[in-house]
Structure formats: C-alpha cells, structure tokens
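These notes are about the structure you will find just below.
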There are 2 protein chains.
Amino acid sequence: MSYATAVPGKSRVSGDLVDSLGQTSFTVIALLSRIAAEHDMSLTQLRALAILRDREPAMAELAAFLGLERSSVSGLMDRAARRGLVRRTPGDDDARVTYVSLTAKGHRLAAEVTTEVADLLAPMTNRLSAAEQKRLTALLFALLDQSDGSQQPS
Amino acid sequence: MSYATAVPGKSRVSGDLVDSLGQTSFTVIALLSRIAAEHDMSLTQLRALAILRDREPAMAELAAFLGLERSSVSGLMDRAARRGLVRRTPGDDDARVTYVSLTAKGHRLAAEVTTEVADLLAPMTNRLSAAEQKRLTALLFALLDQSDGSQQPS
DNA sequence: TATTGTTATACTCTATAACTATA
DNA sequence: TATAGTTATAGAGTATAACAATA
C-alpha cells in the first residue's frame, strides 16, 4: 500500500514491472505444469525432481526447499517412491533422519523434463536476440540477488 | 531435446535464461501464493479475482482464462460466492449463460491484494535502478509478445 | 525435552463423467 | 444435437495435530 503511494514517480514503472513479472511467471509456471502433467506429475513433484538432481537432502531439508510442511513432503515422496522415482535411505549417524535421492529412473525423467522445458520455452526466448537474452538473464539474476549465476533448482 | 543440442552456441545462454526464468517465476508465484494465503485464498482464487477486476465473463470464458475445466470453476466460484466476493448473474439473451462479477467486497479485496503484491515485490524490484527496471519490463513484455504493454490479469 | 519423520484427518483444487436446462 | 453450467465422484496436494522413535 505504502509503496504505490509513497513513490508516485516510480510507481508507474513498478506497476508495469509487477505486471510483466506476474504475467511472465504465470506463463512459465503454466508451461512447467503442462510438462509435469504430461508425465503424470504435479508442479511440486517436478520441482522436487529438479531439486533432487544435485542434492540428497533429508526430508526436513527437502521440505524447506519446497516451502512445505514435512508431512506434505512425506506424502509427496510416498507417491514418487511408489512410481520408482526416488528412494529413502536411513541416516547413519542420526537414525531419525531419512535421506531422499533419485533412482536411475528418476534421473532419466529429470533429464528428460529439463530438455523439454528448454524446448517449450524456446518459442518465447527466441523472440529475443542473443544479446537481449543475455541482458534479460543478467537482470533476472540481479533481481534474485544471484548475479553470480549460482544454480538453484528451477 | 532438439533445441539444446541443435544450437550449441546458444544453448549455454538459453540454459541460464531458462534457469533464471524458472527461479524468478517460482519466487514470484510463491510470493503471490503467500499473499493469497494471508487472505485465505488459493493462488487460483487470487488470479480469478485479478481477472474479474476488469471483466465480467461467462463461466466458460473464465474457465478459459484460468485454463481450467468448467466444473473446476463452478466449485471455485461457489467458494468465492460463499465468501461474498463474487456474484452470478443469469444471461439475458441466452438463459444457459451465467456471468460472474466481483461484489464491492470483492473489488476491495482485489485492490488491497494488488497493492500488497507491489509492496512485497518491492524489495526485489528495488534491487534494480529505474533504468534497469524499465529495460527488464520491456524485455519481459517482448518475451510475452506484448511490447505494447496491454494489460492482462497478473 | 527437542527433533525427525510418519500417520490421521480435513479441506481445497482439479479432472472426468453424467446430468439438467436451454438453444 | 450441441452448448452452458452444475453435480457427483475420485485423487492429489496441503496443513494441523498427534504420534513413535531417536537424540
């Protein structure tokens, strides 16, 4: 509330930025959901798969990554395990902990989905020149405060 | 699949762009979900609210906007109507049609949510200078093929 | 006592299929 | 017959609360 009214000169620009960010986000998320659905997965499962590509977290850590309750992730991993995509491994030092990791099948699916995402996004991204793509990437990483380009699960 | 391999020179850049788009989208959507949750709404209900701000569509049109089945939107509008946010109006010429519109309460909530979105996004957007914000906005609209800036529900 | 993970329960979201009313 | 909307039903996703096992 304060933002829109406190800085009138910037609010116009920011309003458009907010709109473009919102529209872009919904478009991208819809596309990811579509890919997920084509593989009989939810968007959350697709995210989990992406996260697990280069991590082997404890259940609680995975829940933190996903921003969900532990109990929700239990069910999520139940369904993923039932499909043979992930496995649970008991912790060695702390017997309370359960680590989650992708199976070979899970890794294959994750890799497949990654290329599909790039493919489906291509019609959009190709509307920009190579230079524009670079600028956009830099701006988005700056927005995310990750101008170093360090990878987080997408 | 073909994209990543067919244009090796661009795939590196595109991979980063895909990552930054994905991360940004998840971040924005998570933020929108949080705002929705604070008002006891789902992300979909928030979207519906935004759509209805400047439209009075038939149920089937709303379903098309949201990318959902008509039956899903029936339930969605049931719950929104129960909270007094929307009303249903029978069509005059075609008695099969039902139009949906925001109540005064719905309009108030939609306006409130809009300012909250801008507020919560501000810490992110303020990381960019005014000139950078402008460039990012232009690039995103170009990506969406809407360089005219015509408004769609965000 | 505190923490990890699971289970029980309840509600929302979504889709498919069947239905009613209207065209 | 075809279309608009609803209802019935079922499954996934999510949270809260309670629990067992471990620390």
Side-chain angles (χ1 to χ4, degrees), chain A residues 26 29-30 32-52 56-83 85-101, chain B residues 26 29-52 55-83 85-101:
Chain A
F26 274 120
I29 294 296
L32 294 177
S33 298
R34 198 175 108 208
I35 294 175
E38 281 168 6
H39 292 277
D40 288 305
M41 287 191 295
S42 69
L43 179 61
T44 304
Q45 280 183 322
L46 186 138
R47 281 184 69 198
L49 221 64
I51 288 170
L52 292 174
E56 193 163 335
M59 289 292 289
E61 291 171 343
L62 182 55
F65 269 120
L66 292 167
L68 299 175
E69 291 299 316
R70 284 169 299 156
S71 60
S72 302
V73 179
S74 277
L76 212 59
M77 290 303 103
D78 282 350
R79 291 183 284 273
R82 211 183 301 143
R83 295 181 54 184
L85 300 175
V86 304
R87 75 173 74 82
R88 282 187 241 232
T89 313
D92 275 345
D93 24 315
D94 191 334
R96 293 174 301 181
V97 173
T98 299
Y99 294 101
V100 194
S101 56
Chain B
F26 274 121
I29 294 296
L31 188 144
L32 294 176
S33 299
R34 198 175 108 208
I35 294 175
E38 280 168 8
H39 292 277
D40 289 303
M41 286 190 297
S42 69
L43 180 62
T44 304
Q45 280 181 322
L46 185 139
R47 281 184 68 198
L49 220 64
I51 288 170
L52 294 174
R55 254 168 282 254
E56 194 162 335
M59 288 293 289
E61 291 171 341
L62 181 55
F65 268 120
L66 291 168
L68 298 175
E69 291 298 316
R70 283 168 300 153
S71 61
S72 302
V73 179
S74 277
L76 213 56
M77 290 302 104
D78 282 350
R79 291 182 286 273
R82 210 182 302 142
R83 295 181 53 184
L85 299 176
V86 305
R87 75 174 73 83
R88 283 185 240 233
T89 313
D92 276 344
D93 23 315
D94 190 334
R96 294 173 300 179
V97 173
T98 299
Y99 295 100
V100 193
S101 55

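Note that the structure is predicted; figures quoted are calculated from it, not measured.
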Identify each atom pair where a protein N or O and an N or O of nucleotides 21-23 of chain D are less than 3.5 Å apart, giving names and distance.
from: D:dA23; atom 1: OP1; to: A:D93; atom 2: O; distance (Å): 3.4
from: D:dA23; atom 1: OP1; to: A:A95; atom 2: N; distance (Å): 2.9

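- With A:R79 contributing its side chain and A:Q45 its backbone, the two residues share no donor-acceptor pair below 3.5 Å.
- Scanning for side-chain contact (heavy atoms from CB on, under 4.5 Å) contacts around B:S71 gives B:E69, with sequence neighbours left out.
- Under the salt bridge (Lys or Arg N to Asp or Glu O under 4.0 Å) criterion, A:R70 pairs with no residue at all, not counting sequence neighbours.
- Contact between A:Y99 and A:E56 at its shortest, heavy atoms only, is CD2-O, 3.5 Å.
- By the salt bridge (Lys or Arg N to Asp or Glu O under 4.0 Å) test, B:R88 is found to be paired with B:D78, residues two or more places apart in sequence or in another chain being considered.
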Letter per nucleotide, 5' to 3', of nucleotides 10-20 of chain D [B base touched, S only sugar-phosphate touched, - untouched; heavy atoms, 4.0 Å] = --SSSBBB---

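- Residues satisfying the side chain to side chain donor-acceptor pair (under 3.5 Å) test with B:R87, not counting sequence neighbours, are B:S101.
- Each of A:V97, A:L52, A:T98 was compared with A:P57 under the side-chain contact (heavy atoms from CB on, under 4.5 Å) criterion, and only A:L52 meets it.
- Interatomic distance, CD of A:E38 versus OG of A:S33, reported as 11.0 Å (0.5 Å rounding).
- Under the rule for a side chain to side chain donor-acceptor pair (under 3.5 Å), the partners of A:R96 that lie at least two apart in sequence or sit in another chain are A:D94.
- For DNA chain C, the span of nucleotides reached by chain A at under 4.0 Å from its heavy atoms goes, 5' to 3', from C:dA2 to C:dT7.
- Residues that satisfy the side-chain contact (heavy atoms from CB on, under 4.5 Å) test with A:L68, not counting sequence neighbours, are A:T44, A:L66, A:S72, A:V73, A:L76.
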